[in-house]
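Everything on this sheet refers to the single structure shown next.
The analysis underlying the following values was restricted to heavy atoms, covering all of them including side chains, and did not include hydrogens, waters or symmetry mates.
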Amino acid sequence: QVALEESGGGLVQAGGSLRLSCAASGRTFSSFDMGWFRQGPGRERECVAAISWSGVSTYIDYADSVKGRFTISRDNAKNTKNTVYLQMNSLKPEDTAVYYCAHFRGVRWPSHFEYDYDDWGQGTQVTVSS
């Protein structure tokens, strides 16, 4: 079982930036494929970014709504190799949501479907004021 914990959320003005972190603890895997999701007020949860790392190559996928503004990355340092980040720039009020990270367990990557992910974290609130 992998436990995930998000951090780094907060209140920011439109145009600002935040960096979210997702730290994994417990049992970990050499192939550590992760996704960042968000759920805004009255909206369904959506995948905004996904990363797949096989130990050799890194593959990344983004939702159209965040391309060019968000960057997902993985810390490959030995002591923090199970941390995934989401750098969010040029934030907009519509980016306001609770952001979650989750572990990809599906068969076909990339996937933006919730059912392909588990070990969900508790979420971190991001609020963008206009």
Side-chain angles (χ1 to χ4, degrees):
Q1 187 74 20
V2 175
L4 302 176
E5 182 175 6
E6 305 92 341
S7 61
L11 174 64
V12 63
Q13 289 187 335
S17 299
L18 283 173
R19 189 176 83 154
L20 306 183
S21 299
C22 173
S25 61
R27 184 180 178 184
T28 56
F29 305 88
S30 59
S31 177
F32 199 66
D33 299 344
M34 298 291 295
W36 279 101
F37 286 72
R38 68 184 180 187
Q39 186 166 19
R43 305 181 70 175
E44 294 185 354
R45 189 151 54 181
E46 63 169 340
C47 182
V48 296
I51 187 167
S52 175
W53 186 78
S54 65
V56 177
S57 300
T58 300
Y59 303 91
I60 291 173
D61 187 62
Y62 296 102
D64 289 342
S65 58
V66 306
K67 280 181 181 177
R69 300 189 298 120
F70 289 13
T71 302
I72 188 172
S73 62
R74 181 183 184 278
D75 194 326
N76 289 323
K78 183 177 181 180
N79 61 335
T80 58
K81 62 180 179 180
N82 293 319
T83 301
V84 177
Y85 303 98
L86 186 67
Q87 176 68 43
M88 305 185 296
N89 299 327
S90 301
L91 282 163
K92 305 174 181 179
E94 51 264 44
D95 294 319
T96 295
V98 178
Y99 284 72
Y100 303 88
C101 62
H103 190 187
F104 176 75
R105 303 276 195 170
V107 175
R108 186 174 182 176
W109 191 94
S111 171
H112 288 200
F113 296 111
E114 287 186 63
Y115 57 72
D116 279 334
Y117 293 82
D118 64 8
D119 301 325
W120 295 85
Q122 82 290 348
T124 185
Q125 176 70 47
V126 171
T127 302
V128 184
S129 62
S130 58

Full working for side chain to side chain contact (heavy atoms under 4.5 Å, CB included) between R38 and V126: CA-CA 9 Å; R38 68 184 180 187; V126 171; over 6 Å; no
Separation of L11 CG from Q125 CD (nearest 0.5 Å): 9.5 Å
Stepwise side chain to side chain contact (heavy atoms under 4.5 Å, CB included) check, D95 with R69: CA-CA 11 Å; D95 294 319; R69 300 189 298 120; 2.7 Å; yes
Donor-acceptor under 3.5 Å (Y115 side chain, G106 main chain): no
Pairwise distance CD(E6) to CH2(W120) - rounded to 0.5 angstrom: 9.5 Å
ILVMFWY cluster, Y62 and V84 together (side-chain gap under 4.5 Å): yes
Test log, rule side chain to side chain contact (heavy atoms under 4.5 Å, CB included), inputs S7 and T124: CA-CA 6 Å; S7 61; T124 185; 5.6 Å; no
Contact check, side chains of S111 and F104, non-hydrogen atoms, under 4.5 Å: yes
Any side-chain heavy-atom pair of L91 and F70 under 4.5 Å: yes
pair V12-M88: side-chain heavy atoms closer than 4.5 Å: no
Side-chain heavy-atom pair D33, R105 within 4.5 angstrom cut-off: no
Steps toward side chain to side chain contact (heavy atoms under 4.5 Å, CB included) verdict (F37, E114): CA-CA 9 Å; F37 286 72; E114 287 186 63; 3.9 Å; yes
Any W36 side-chain heavy atom under 4.5 Å of C22 side chain: yes
Point-to-point distance, once rounded to the nearest 0.5 Å, from CD1 of I51 to CG of D61: 11.0 Å
E44 atom CD: more than 12 heavy-atom contacts under 6.0 Å: no
K67/D64 ion pair, N-O < 4.0 Å: yes
CE-OG distance between M34 and S73, expressed to the nearest 0.5 angstrom: 12.0 Å
Interatomic spacing from CD1 in I72 to CD in Q87 - rounded to 0.5 Å: 12.5 Å
